[in-house]
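Data first, discussion second: the structure below is written as structure tokens.
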Amino acid sequence: MLLIHCPCCDETLPEMEFAYAGEAHVARPADPSAVSDAEWEAFLFIRTNVKGPHFERWRHIHGCGRFFNAVRDTVSDRFLTTYPAGAPRPDLTTLMGDDA
Amino acid sequence: MKDMSIDTIAASRAATVTALSPVARFSLRGRGDAVAALSAALGVELLARVGARAQAGARDVLCLGPDEWMIHAPEGDAAAIINACAGVAAPHALVEVSDRELSYAITGPQAAELLTLGCPRDPDSIAVGEGRRTVFDGATVILWRDGRDAFRMDVWRSFAPHVTHLLATGCRELALG
């Protein structure tokens, strides 16, 4: 079982309290009617699908109820960090340390 | 076997599960300026830390999230709470959820161990006098810890038969060990 740190509760809790919510930092276009079909397709469907550190959203659904962002290594399943929704992407080289 | 009153769900030397009398329950949401105004109106400080509880008289307020609180009060106090919050001008949401949930008391020397049957988090990580919303075998529940060996569990009523059945099984199993 994964242990996830909720930045809102400031507790590290079992994965079963959380729900996965897809890739993070996918911004909805401010004016949807102005974007092309290709751009809209990219917003809706195209994801990075990285092998390695992945920016993703989680929700502490059986707890504070908040959405937050996490960086998880998709190879090792290790959580590098979690941070509040709306905060900028953390710097990967700092997070990865010697592994970068 | 202890005397089984109609409100006792299960009782063993490990733990006792009892159905509690109905109380008035409110879900309160608000942020920013509303928090201080609501605290003043209710006469209870709305604490900001998730899991913290504050009491004033018979009103018991648990912080569930950064802008969310659960209020328990005697049923006769419900109208007063609604009126108090109605006078707050700042945007907020007070929703009566009295009939949504049922409460059970879980007491006894192995009360915390009984909860581990369904709770992935360690019940002992909830300090005495605090509370948390968490999950019990798939059902979202609110745990209030009133003492080292005394918990209260709020569960949505449609999940109650499943949850109480599991707790009753656990009471029997722990007493065997």
Side-chain angles (χ1 to χ4, degrees), chain A residues 1-28 30 53-91 94-95, chain B residues 26-32 35 46-53 61-70 93 95 97 100-101 112 115-127 130-145 153-156 158-159 162-163 166:
Chain A
M1 188 191 299
L2 302 175
L3 293 172
I4 304 174
H5 183 85
C6 174
C8 174
C9 298
D10 198 22
E11 285 185 292
T12 301
L13 297 164
E15 176 195 356
M16 288 175 73
E17 289 201 0
F18 297 84
Y20 179 69
E23 186 169 352
H25 302 290
V26 179
R28 183 182 169 88
H54 184 234
F55 294 87
E56 57 193 18
R57 298 162 78 225
W58 284 82
R59 185 182 181 200
H60 193 185
I61 187 162
H62 299 297
C64 62
R66 262 346 77 155
F67 281 91
F68 59 91
N69 293 340
V71 186
R72 178 178 58 93
D73 191 315
T74 57
V75 177
S76 64
D77 246 358
R78 189 164 67 94
F79 277 82
L80 301 174
T81 189
T82 56
Y83 54 101
R89 281 174 198 257
D91 182 33
T94 324
L95 286 177
Chain B
F26 292 90
S27 167
L28 178 61
R29 305 287 303 260
R31 63 177 77 171
V35 177
L46 299 176
L47 299 171
R49 188 173 58 81
V50 174
R53 267 164 70 184
V61 181
L62 167 65
C63 179
L64 293 178
D67 61 357
E68 184 178 5
W69 291 267
M70 172 60 70
V95 181
V97 292
R100 186 179 74 179
E101 291 164 12
L115 289 172
T116 61
L117 207 64
C119 288
R121 79 174 285 154
D122 179 6
D124 271 329
S125 66
I126 304 171
E130 292 195 350
R132 289 290 192 289
R133 183 160 53 193
T134 181
V135 60
F136 186 86
D137 200 46
T140 297
V141 299
I142 297 174
L143 289 177
W144 308 65
R145 190 168 199 181
M153 179 192 278
D154 298 348
V155 50
W156 285 35
S158 58
F159 294 112
H162 168 66
V163 167
L166 187 58

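To find a chain, count down the sequence lines: A is the first, B the second, and so on, and within it residues start at 1. Nothing here was measured: the structure is a model prediction, and the numbers come from that model.
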Problem set entry | Separation between CG of A:Leu3 and CZ of B:Arg121, rounded to the nearest 0.5 Å | 12.0 Å
Problem set entry | Atom pair CG (B:Leu64) and CZ (A:Arg66), whose distance is rounded to the nearest 0.5 Å | 10.0 Å
Problem set entry | Shortest non-hydrogen separation from B:Val135 to A:Met16 and the atoms involved | CG1-O, 4.2 Å
Exercise. Should we say atom CZ of B:Arg31 is surrounded by more than 12 heavy atoms from elsewhere, each under 6.0 Å from it?
Worked result: no
Seminar exercise, completed: One should read off an interatomic distance between B:Thr134 OG1 and A:His60 NE2, to the nearest 0.5 angstrom, of 7.0 Å
For this session: Taking all non-hydrogen atoms of both residues into account, name the closest pair between A:His62 and B:Gly138 and its distance.
Result: CE1-O, 4.4 Å
For this session: Find the one option among B:Val141, B:Ile142, B:Val50 whose heavy-atom pairs under 4.5 Å with chain A are most numerous.
Result: B:Val50
Seminar exercise, completed: The interface call for A:Glu11 against chain B, heavy-atom contacts under 4.5 Å, is side chain
Exercise. Can you name the nearest heavy-atom pair linking A:Pro14 to B:Pro120, along with the distance?
Worked result: CG-O, 3.2 Å
